> 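Just dropping this structure here.
If you read the sequence from its start, that first residue is 1, and numbering goes on from there. One-based numbering, in listed order, for ligands and for the atoms of each. Fair warning: this is a prediction, and the values are worked out from it, not measured in the lab.
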Amino acid sequence: MVGGVEERLTVGRMAEPADVTVRTLHHYDEIGLVRPSARTAAGYRVYSVGDVERLREVLAYRRLGFGPCEIADLVDDPATDAVACLRRLRGLLLEQRDRAAAMVTAIDKELEARAMGIRTTPEEQLRVFGAQLHDAIGSAHPATRRTEPRIAARVWEALGDARTVLNVGAGTGSYEPPDRDVTAVEPSAVMRAQRPAGAAPCVAAAAESRPFEDRSFDAATAFSTVHHWRDPIAGLREMRRVARRVVVFTHDAGDAGWRLRFWLTRDYLPEVAGLVADRPPVDRTARVIGSRMEPVLVPWDCADGFLEAYWRRPDAYLDERVRRAVSVWTRVGPEAERRAVNELRDDLSSGRWAERNPDLVALDAAELGLRLLVA
Ligand SMILES: C[S@@+](CC[C@H](N)C(=O)[O-])C[C@H]1O[C@@H](n2cnc3c(N)ncnc32)[C@H](O)[C@@H]1O
């Protein structure tokens with residue numbers, strides 16, 4: 001913590017706790033990455049508290065695999081304060097953890113196939129190492145994920161008279177309006193491959209850097225995807241840049257209220273709080289795109305199997321197919337998943353779940369923090 005750091009440190013005193021060599025610190029000074037703000041009369045480098053914070057940031061990016069030029073761009077970004085920077089780092093670390101989880105899932109699949117005497121192709125073997133979360137879990141998506149017509153109608157209405165629409169993080173295209181000229185953007189090869197025949201053309205790209213001119217679409221939309229983006233703020237700014245109108249369906253990640261209202265995250269999967277902690281609160285998201293915000297209730301018989309869809313149908317979460325189509329279940333890890341499912345199964349058979357949630361059966365729709373942002 002900054003409060004515990006002495007005002008000024010020499011190279012030797014910086015190197016040891018940071019686990020870097022004095023040579024590295026000299027090198028960082030030479031290339032301008034971490035410059036000591038002062039020198040002693042004898043010419044020795046002296047680092048201030050601010051220099052220490054910068055070094056910590058540089059080292060974290062280095063450990064995440066960024067090169068010196070990328071690190072310089074990140075740490076010199078004038079748009080980020082210390083808190084935004086820590087959030088970004090946290091997001092990148094979670095992404096790395098998710099990628100590792102995706103690789104474990106892909107390797108498990110290959111082991112299973114081998115145990116059954118099925119040999120994977122060289123392409124499949126290589127894919128393990130490029131595995132993104134949705135490349136590992138995406139094949140399970142179509143089993144339960146499809147258009148929820150009542151929510152789709154809200155999104156399509158919000159698009160107004162837009163003729164050309166960019167759908168970012170499009171997945172298999174469940175929320176693409178059939179009567180407009182849609183271009184999809186989707187980084188996962190597995191998701192792209194599952195787009196139905198005749199679906200809108202799809203560009204392989206991520207939200208944060210899209211190969212489109214300013215204002216080249218009437219509208220840009222993103223459905224249930226922003227929480228996956230490495231840098232949601234950069235992605236939303238990109239949407240603003242390329243389109244006149246922006247419509248985003250997302251979660252209020254900053255509001256703990258829905259997690260406490262929703263029995264699944266409250267009583268069985270508290271780990272979800274840690275997964276969303278680095279995500280920008282929805283009002284910040286709304287400010288970035290200058291949007292208004294409307295709550296979207298989840299109907300009790302929601303057709304699209306996203307995390308909250310089965311709030312009145314708890315047995316559904318016992319179904320492996322339901323869980324595999326929602327990334328949260330992979331992201332919390334197998335131990336938390338097993339525990340949550342076992343506890344839920346026990347509570348459903350003992351009647352404890354029904355005792356704890358007596359009011360739900362009378363509700364047709366629930367307010368679980370889902371929001372439509374329209375700018
Ligand atoms: C839960 S799925 C939703 C797909 C689709 N919008 C739908 O509602 O059916 C999330 C999608 O976001 C995509 N995604 C992940 N990271 C992304 C990024 N940085 N930019 C754009 N899309 C991303 C995933 O590959 C996945 O297809």
> Centre-to-centre under 6.0 Å for Y175 and F249, is that the case here?
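Aromatic pair excluded; centres sit 6.0 Å or further apart.
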> Quick check: do V165 and L159 have side-chain heavy atoms less than 4.5 Å from each other?
yes
> Closest approach of D231 and E208, non-hydrogen atoms and distance?
N-OE2, 3.0 Å
> Mark up the atoms of ligand 1 that fall under 4.0 Å of a heavy atom belonging to S174, in ascending order.
9 (O)
> I'd like to check which ligand 1 atoms, numbered from 1 as shown, lie under 4.0 Å from a non-hydrogen atom of M191.
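That gives atoms 27 (O) of ligand 1.
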> Number the atoms of ligand 1 from 1 as they appear, then name those within less than 4.0 Å of a heavy atom of S188, with their elements.
25 (O)
> Tell me which part of Y175 gets within contact of ligand 1: side chain, backbone, both or neither, using heavy atoms under 4.0 Å.
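For Y175, only side-chain atoms sit under 4.0 Å from ligand 1.
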> Is it the case that T330 and S327 place a side-chain donor and acceptor less than 3.5 Å from each other?
no
> State whether the shortest distance between N or O atoms of S224 and N or O atoms of ligand 1 falls below 3.5 angstrom.
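Looking only at distances, the answer is no, because the N/O contact criterion of under 3.5 Å is not met.
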> Can you find a pair of side-chain heavy atoms, one from W353 and one from L360, that are under 4.5 Å apart?
yes
> Considering only protein heavy atoms, which is closest to atom 17 (C) of ligand 1, and at what distance to one decimal place?
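The closest one turns out to be W229 CD1, 3.4 Å.
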> Regarding R324 and E320, does a basic nitrogen lie under 4.0 Å from an acidic carboxylate oxygen?
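Between E320 and R324 there is a salt bridge, with a charged N closer than 4.0 Å to a carboxylate O.
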> Look only at interatomic distance and state if A206 has a nitrogen or oxygen under 3.5 Å from any nitrogen or oxygen of ligand 1.
no
> For atom 24 (C) of ligand 1, what is the nearest protein heavy atom, given as residue, atom name and distance?
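Closest protein heavy atom to atom 24 (C) of ligand 1: H134 ND1, 3.3 Å.
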> Among protein heavy atoms, which lies nearest atom 8 (O) of ligand 1, and at what distance?
F223 CD2, 3.2 Å
> Report the nearest protein non-hydrogen atom to atom 15 (C) of ligand 1: residue, atom name, distance rounded to 0.1 Å.
H228 CB, 3.5 Å
> Under a 3.5 Å threshold, yes or no: a donor from one side chain and an acceptor from the other, between S37 and S48?
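Per modelled atom types, S37 and S48 side chains form a pair under 3.5 Å.
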> Of the listed options (S327, G169, A152), which comes nearest to atom 4 (C) of ligand 1 when hydrogens are ignored and any heavy atom counts?
G169
> Could you walk me through whether E343 and R352 pass salt bridge (Lys or Arg N to Asp or Glu O under 4.0 Å), step by step?
CA-CA 10 Å; E343 287 177 4; R352 189 167 142 81; over 6 Å; no
> Among H141, E208, E186, which residue places a heavy atom closest to atom 13 (C) of ligand 1?
E186
> Please report whether ligand 1 has a polar contact with A207, defined as an N or O pair separated by less than 3.5 Å (distance criterion only).
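Right, the criterion is met.
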> Do D347 and R356 meet the salt-bridge criterion of a basic N to acidic O distance under 4.0 Å?
yes
> Considering non-hydrogen atoms of the protein only, which is the closest contact for atom 5 (C) of ligand 1, and what is the distance?
A170 O, 3.3 Å
> Atoms of ligand 1 less than 4.0 Å from T225 heavy atoms?
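Numbered from 1, ligand 1 contributes 11 (C), 12 (O), 13 (C), 14 (N), 22 (N), 23 (C).
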> Among protein heavy atoms, which lies nearest atom 23 (C) of ligand 1, and at what distance?
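Answer, as residue, atom name and distance: P187 CG, 3.4 Å.
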> Under a 4.0 Å N-O cut-off, is there an ion pair linking R35 with E30?
no
